[in-house]
Q: 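Before anything else, here's the structure in question.
Atom set for the values below is all heavy atoms of this structure, side chains included, hydrogens, waters and symmetry mates excluded. Here is how names work: the chains are called A, B, and so on, in the same order as the sequence lines, proteins then strands, and each is numbered from 1.
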Amino acid sequence: MQLSDSYNPSDFEEKWYAHWENKGYFHSEPDEREAFSVVIPPPNVTGVLHMGHMLNNTIQDILVRKARLDGKNACWVPGTDHASIATEAKVVRLLREKGIKKSDLTREEFLAHAWEWKDKYGGIILQQLKKLGASADWERTAFTMDEVRSDGVTKVFVDLYNKGKLYRKLRMVNWDPEAKTVLSNEEVLYKDEHSKLYYIKYQIEDSDEYLEVATKRPETIMGDTAVAVNPKDERYQHLKGKRVLVPLIGRSVPIIFDDYVDIEFGTGALKVTPAHDPNDYEIGQRHDLEVIATINEDGTLNEKAQLHIGEDRFKARKLVSKDLEEAGLMLKIEDYQSSIGRSERTNAVVEPMLSLQWYVDMPSIAKPALDAVMSDTVQFFPEKFKNTYRHWMENIRDWCISRQLWWGHRIPAWFYNDEVFVAESVEEALEQAKEKLNNPNLTLDDLKQDEDVLDTWFSSWLWPITVFDGFNSKEEIDYYYPTSVLVTGWDIIFLWVARMIMAGYEWKNELPFKHVYFTGMVRDQKRRKMSKSLGNSPDALKLIEEFGADGVRFGMLSCSPAGGDLLFDDKLCLQGKNFCNKMWNATKLIKGWEIDESLTTPIGNFEAAQWFESRKNQVLVEVQANMSEYRLSEALITIYSFIWNDFFSSFLEYIKPEYQKPIDKYSVEKAISFYSEICTILHPFMPFITEELWHVLQERKEGEDCMMSRYPKVGDMDQSLLADFDMLKDATAKIRDVRNKNQLKPKDPLKVQAKESDETLKFLERRGAVDLLKKMAFLESFELTNDDPEDTVSFISGKSAFHVFVEKEINIEEELEKAKADLKHQEGFVTGVEKKLSNERFVNNAPAAVVEKEHKKLADGKARIEQLKTLIAKLSNL
RNA sequence: GAGGCAUUAGCUCAGUUGGUUUAGAGCACUACCUUGACAGGGUAGGGGUCACUGGUUCGAGUCCAGUAUGCCUCACCA
């Protein structure tokens, strides 16, 4: 394959993705290999790709591709969820634009529209994931509302009901007046917002006295059915048995005494509106108060409010406030900060309402799930989320799962008058009804199915089971379950992660995944969460267009510690793209070399290859350690600097022939085989460029693709060789520095002598490394000496002095100063070590290896000091 | 109100169960380098008393306690 002149990702990214897909590389079937399975956190079917998805799916792809390269049977199941509220809202809006009102449609008609929309636009996000390189098994694409997944939902609902872990109850709920549905606690987001505290006078019945009450919500006073004070409150003892009149409407309500009331807060008197406040409702229950609901499902006041009927609750607040002022009943209005709950999906202020809903008894299923995480059976990365998880699980509350919507799984419960029958089908429900009611004449028409659907999460929590058809067949679920790792954001730890673990234990009696990797939240440079409304989120597809998928993947990953925030910056993608460009050019260099088979391999090249092999093994160990702890960012940086520094800057420079001279065959073959291994090592992170270069580097057989290659195994590391090459690198850098500081040309040949020592003697024996030092530092000679030559610029490498003969006036002052500073540093170092070693308790208590290391540090330090002192003496005499 | 997490170079972060030549990386910065794979580049360099105060230990960026600052989660008083 030919290489074009410059790196241009759009030239080949689509080509390779199509190639992989056509070859069926993404598809997995159970076999005898070890399985590595991952289920995608199903994105909302209405969604489009944003930065969070990019990060999350890049990470999954890295893990899956790595597992594949390790020879595992990798299976990444993609799919979407039906996003009840969001999708229904979207479809309602689209219909409205066409002039169709939802209320004019039957349920069936509406659902037909919704499905039409879903089939046409749903799942765009999955197509977008392909641009990112996601190696998901598209043949397995699942949807929470398809047949298999729906079937699981029904089975689970019926099962929980039969086990007595699911029930229907009248309760104060979180109502979303915009979506006109109830929400679970987890779908309500609380934030401090500015509001006002209104101080209102309630006249005491048959008296001129007033009782002052503070409230945030004057528009609810028409629903008041009592005013409460604390029984210990001295101020109100005389009001026992008295009643007050609700302002504006004049209803007479009792003054009640309840411990709940805080004497310190406000006026110490609380208006009680049982229909519209959870705490008031409980007080109402205790005191047997009337419940007067004054607010409609859509947040407007109803006729029970008597005033401002039909007005929205916020407008009504202003109107009632004005009424009160006009009536002289408003004492004062204070600014006030308080926590306001809003719907996660619609952002509407949640209205507490009394409503009959279905609930799952969570405490009854939570324990195994809590234990699994606390014992690390299910392991969290990072670990700190165990705390959050435990806290929630130990205080878990029942889960409200019904929703007043049409788009979703309809609740499998049928009513006959007040009797309810829960079954997998209406026929079964009918059988139950006939038996229970002892009425064989009942027909299907007599039963009326619950109108509501289930919370979307009630299908998502089964995802790791249902994507493998785990409620119906054994083959796949036994092979792929439990899945290997779940990659998701910590923001849905309760909404999704905890519930999946509970479902896993409830129905599979087993964990759903072994590891959970919590990604960070993608934020902008000002640490703001990226959001549509702020407009601070870059267009994901445009980014890919600009930097290439590999560049974007690099950018996302190079700054994403697990669980921490990710401060996204375009520049990181640019760095990724530049890295690709560098790899491209290095390939051009290698492919441009002319091979002369008659040339013998220089010993330097030979040793360089041996060194690189050892260095590679070091890196592999490091990468493996990082990957196994999900330190992906570090793994990538390790690989990045290995490629750039060790392979390009060192190895290729070591073996590079002189300009326009040919190279020996061995060196090129080594370069190509190393580069191929590098492609495999980097492939999980940057799949496209590595596949492209893999094929450019050498002709490959059909099916011999980088994506399906094998990850290199860790081999031996020659520590002595590595040490010699460290000296080579260090000495080269320092000689170059001498050139820089003395304005010597990079290629003026220099003479260098090193003081004879055990390490320099050893280095000299490494003939190839010596050759390379001469080559890299442009030396005309390098030899050992026992003298301390004059007229040289000197430095210390390791513990040995190196002398560079510069044919130039030396700035003695500067050299002396530098040497003295270095000496001071070294002396401080040695003093520290000596102190340690003179401490008997250290020598006696520390492990032998540590003590020995300290001895070596001391000896090396002393050797350096000696060299420096000699150098200083020499300079001082000049 | 309860709990959690953080504080390391100008910025963003590593520092893997306390011991690897008295703290690392990327970006940013400085100097020099441009007809040679690559200026989307090369070569080298400067920059940190690891928030503060005590303690444990032979040894602390790493463990403990307290202080300060910041962030987050949960539960909430109208």
Side-chain angles (χ1 to χ4, degrees), chain A residues 6-7 185 190 197-198 213-217 228 260-262 264-273 277 279-280 336 338-339 382 384-385 387-388 390-392 395 490-491 493-494 525 527 558-561 563-567 569 571-572 574-575 577-593 625-626 629 631 633-634 637-638 640-641 648-649 652-653 656 658-660 732-734 736-741 743 745-746 798-799 825-826 828-833 835-837 839-847 849-851 853-854 856-858 860-861 864:
Chain A
S6 62
Y7 167 67
N185 296 325
Y190 291 90
L197 198 56
Y198 301 81
V213 170
T215 180
K216 282 195 300 186
R217 303 196 60 192
Y260 170 80
V261 182
D262 181 352
E264 304 295 320
F265 190 90
T267 61
L270 167 71
K271 73 185 208 59
V272 183
T273 323
D277 183 279
N279 293 309
D280 290 10
Y336 188 63
S338 77
S339 176
K384 66 178 176 183
F385 289 108
N387 287 324
T388 315
R390 185 185 59 213
H391 185 259
W392 190 76
N395 298 286
W490 52 258
D491 53 335
I493 184 169
F494 308 136
Q525 287 294 294
R527 281 197 185 273
S558 62
C559 62
S560 60
D565 287 345
L566 185 161
L567 271 56
D569 191 341
K571 273 195 285 190
L572 295 163
L574 182 61
Q575 199 190 334
K577 188 182 179 184
N578 292 347
F579 180 38
C580 290
N581 188 57
K582 182 75 183 176
M583 288 193 280
W584 194 267
N585 283 308
T587 311
K588 259 167 50 182
L589 171 71
I590 295 172
K591 295 308 286 180
W593 281 334
N626 283 328
E629 305 235 354
R631 292 192 296 256
S633 183
E634 280 181 67
I637 296 301
T638 302
Y640 171 84
S641 73
F648 297 154
S649 300
L652 290 185
E653 293 297 336
K656 191 166 150 185
E658 277 181 61
Y659 182 53
Q660 290 191 325
T732 303
K734 283 173 174 156
R736 285 169 175 170
D737 188 36
V738 170
R739 287 182 190 277
N740 268 343
K741 296 266 160 69
Q743 275 113 39
K745 293 223 170 85
K799 56 185 179 184
H825 180 256
Q826 294 298 339
F829 170 69
V830 164
T831 308
V833 179
K835 207 173 133 196
K836 218 181 223 186
L837 282 170
N839 188 328
E840 272 178 44
R841 281 183 295 183
F842 169 69
V843 181
N844 295 335
N845 294 332
V850 174
V851 177
K853 191 143 276 170
E854 292 301 317
K856 175 144 173 37
K857 274 159 78 171
L858 183 65
D860 289 355
R864 277 194 299 271

Q: Looking across every strand, which nucleic acid part, if any, lies under 4.0 Å from A:T215 by heavy atom: base, sugar-phosphate, or nothing?
A: sugar-phosphate
Q: Students often get this wrong, so: under 4.0 angstrom with heavy atoms, is A:K591 touching a base, only sugar-phosphate, or nothing?
A: nothing
Q: Counting Watson-Crick and G-U wobble pairs only, both distances under 3.5 Å, name the nucleotide matched with B:U34, or none.
A: none
Q: How would you label the contact of A:V272 with the nucleic acid (heavy atoms, under 4.0 Å): base, sugar-phosphate, or nothing?
A: nothing
Q: Base, sugar-phosphate or nothing for A:N740? Non-hydrogen atoms, less than 4.0 Å.
A: base
Q: On RNA chain B, compare the nucleotides closest to A:F829 and A:N585; which residue's is nearer the 5' end?
A: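 The residue mapped nearer the 5' terminus is A:F829.
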Q: Heavy atoms only, 4.0 Å cut-off, all strands: where does A:A625 land among base, sugar-phosphate and nothing?
A: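 Touches nothing.
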Q: By the 4.0 Å heavy-atom rule, please label A:Q575 as base, sugar-phosphate, or nothing.
A: sugar-phosphate
Q: When all nucleic acid strands are considered with a 4.0 Å heavy-atom cut-off, which category describes A:K734: base, sugar-phosphate, or nothing?
A: nothing
Q: Taking B:G59 as the reference, what is the distance to B:G19 when you measure between their P atoms (whole Å, please)?
A: 14 Å
Q: What contact category does A:D262 fall into here, base, sugar-phosphate, or nothing, at under 4.0 angstrom with non-hydrogen atoms?
A: base
Q: Could you check whether A:P847 gets within reach of a base, just the sugar-phosphate, or nothing at all, counting any heavy atom under 4.0 Å?
A: base
Q: Look at all strands and tell whether A:G832 reaches a base, only sugar-phosphate, or nothing, counting heavy atoms closer than 4.0 Å.
A: nothing
Q: Within the structure shown, what part of the strands sits under 4.0 Å from A:L270 by heavy-atom distance: base, sugar-phosphate, or nothing?
A: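 The residue A:L270 makes base contact.
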Q: Could you measure between the two P atoms, the one in B:G45 and the one in B:G61, and give it in whole Å?
A: 26 Å
Q: Output yes when a side-chain donor or acceptor of A:N585 lies under 3.5 Å from a complementary backbone atom of A:N581, and no otherwise.
A: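 Between the backbone of A:N581 and the side chain of A:N585 there is a qualifying donor-acceptor contact (under 3.5 Å).
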Q: Could you check whether A:N581 gets within reach of a base, just the sugar-phosphate, or nothing at all, counting any heavy atom under 4.0 Å?
A: base
Q: Between A:D860 and A:R864, does any side-chain N to carboxylate O distance fall below 4.0 Å?
A: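 A:R864 and A:D860: not salt-bridged.
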